[in-house]
Amino acid sequence: MTTQDLQGRTAIITGGSRGIGLAIGQRLAEAGANVVLTSRKQENADAAAAQVDGNVLGVAAHVAEDDAAQQCIDLALERFGSVDILVNNAGTNPAFGPLIDQDHAQFAKIFDINLWGPLLWTSCAVKSWMGEHGGTVINTASIGGMSFGPLMGMYNATKAALIHVTKQLALELSPGVRVNAICPGVVRTKMAEVLWKEHEQALSTTTPLGRIGEPVDVAGAVAFLVSDAASWITGQTLVIDGGQILGDATGYRAGFGG
């Protein structure tokens with residue numbers, strides 16, 4: 001049988017102290033998984049862990065530091081005995097603005113966090129556990145990695161690269177490790193506030209499904225992808241955006257459903 005029961009499995013979620021990462025942790029814990037949430041600061045990781053019911057551990061770990069990644073994997077193995085699920089969710093955008101206005105420091109930081117981080121953590125997880133025992137990896141990309149938009153060029157470039165890397169890893173790590181990406185649209189998170197806070201109603205009106213996303217919308221999709229119900233899915237990119245990538249829906253609506 002293929003189910004979404006995650007009893008006995010352990011999930012590490014980087015960038016798990018708030019927003020999408022925290023919602024994923026809560027959803028996977030509800031499905032029975034042991035959960036490890038990372039944040040740059042221990043107090044934030046602990047505060048997030050306190051919001052999750054179940055077997056949960058908060059760990060301070062900078063996503064782009066080799067030692068921090070390995071130490072977190074080792075802690076998870078020591079506490080729970082396995083690392084079956086890795087959600088590479090940590091991300092940043094210090095490079096908001098036109099591409100030609102970016103400097104090398106911004107370029108290096110955004111690619112370190114958004115691309116090197118997922119590669120680093122996947123490598124540690126595979127070499128420490130998944131390579132021998134199997135597992136599943138989810139990379140948090142974005143619909144920006146599949147399209148273009150003003151002022152988001154550098155961020156979108158990192159997410160386009162992450163989608164490519166997801167497919168490459170799916171091939172390299174097959175058949176024992178499944179690797180997929182999720183591409184959220186505009187979701188109600190602090191990181192994405194610049195995209196929705198001042199014009200949520202206008203954005204909701206143009207979105208085919210009539211609202212911006214909530215972190216739980218993404219969490220439910222991740223729970224499916226890491227479960228046995230998705231056991232024949234790898235190297236894929238799941239768009240979770242209420243139809244935003246399709247474009248402005250207002251000219252197409254016929255009024256069905258109100």
Restricting to non-hydrogen atoms, name the atom on [X] and the atom on [Y] that form the minimum distance, rounded to 0.1 Å.
X    : Y    : value
A64  : D112 : CB-O, 3.9 Å
S39  : N44  : OG-CB, 3.4 Å
A95  : Q106 : CB-CB, 4.2 Å
K159 : S142 : CG-CB, 3.8 Å
A23  : A219 : O-CB, 3.4 Å
T237 : C183 : CG2-SG, 3.3 Å

For a 4.5 angstrom cut-off between non-hydrogen side-chain atoms, does [X] reach [Y]?
X    : Y    : value
I20  : P184 : yes
I110 : Q102 : no
V52  : L22  : yes
I24  : R27  : no
T122 : N88  : yes
W121 : V63  : yes
V226 : L28  : yes
T136 : M130 : no

How would you list, by chain and number, every residue that makes a ring-ring contact (aromatic ring centres under 6.0 Å, His included) with H164, sequence neighbours excluded?
none

Ignoring hydrogens and angles, tell me if any N or O in the side chain of [X] forms a donor-acceptor pair with the backbone of [Y] under 3.5 Å.
X    : Y    : answer
Q26  : Q51  : yes
R79  : N34  : no
N139 : A141 : no
S123 : L119 : no
N89  : T140 : no
T14  : A90  : yes

Derivation of the side-chain contact (heavy atoms from CB on, under 4.5 Å) call for V179 and L173
CA-CA 8 Å; V179 187; L173 302 179; 4.0 Å; yes

Same cluster for [X] and [Y] if Ile/Leu/Val/Met/Phe/Trp/Tyr side chains link at under 4.5 Å?
X    : Y    : result
M146 : L162 : no
I163 : I240 : no
V216 : V56  : no
F96  : L99  : yes
V239 : I182 : no

Review item, side-chain donor-acceptor pairs of residues 65-72, under 3.5 Å, at least two apart:
residue, atom, partner, partner atom, Å
Q70, NE2, D74, OD1, 3.0
Q70, NE2, S128, OG, 3.0

Spacing of [atom1] belonging to [X] relative to [atom2] belonging to [Y], to within rounding of 0.5 Å:
X    : Y    : atom1 : atom2 : answer
L225 : N180 : CG    : CG    : 5.5 Å
L203 : Q244 : CG    : CD    : 5.0 Å
L86  : I12  : CG    : CD1   : 6.5 Å
L57  : T38  : CG    : OG1   : 10.5 Å
I113 : N93  : CD1   : CG    : 12.0 Å
T207 : I245 : OG1   : CD1   : 12.0 Å

Hey, are T158 and N114 close enough side-chain-wise for a donor-acceptor pair under 3.5 Å?
yes

Do we see a donor-acceptor contact under 3.5 Å between the side chains of T206 and D248?
no

With [X], which residues qualify under side chain to side chain donor-acceptor pair (under 3.5 Å), at least two apart?
X    : value
S204 : none
R211 : D217
R9   : D228
E214 : R188

CA sep, side-chain torsions, deciding dist, call: T10, W129, side-chain contact (heavy atoms from CB on, under 4.5 Å):
CA-CA 11 Å; T10 299; W129 179 264; over 6 Å; no

Considering the options L171, T166, V165, which one meets the side chain to side chain contact (heavy atoms under 4.5 Å, CB included) requirement together with L169?
V165

Atom NZ of K167 with >12 non-hydrogen neighbours under 6.0 angstrom:
yes

Does atom CG (D103) have a neighbourhood of more than 12 heavy atoms from anything else shown, all under 6.0 Å?
yes

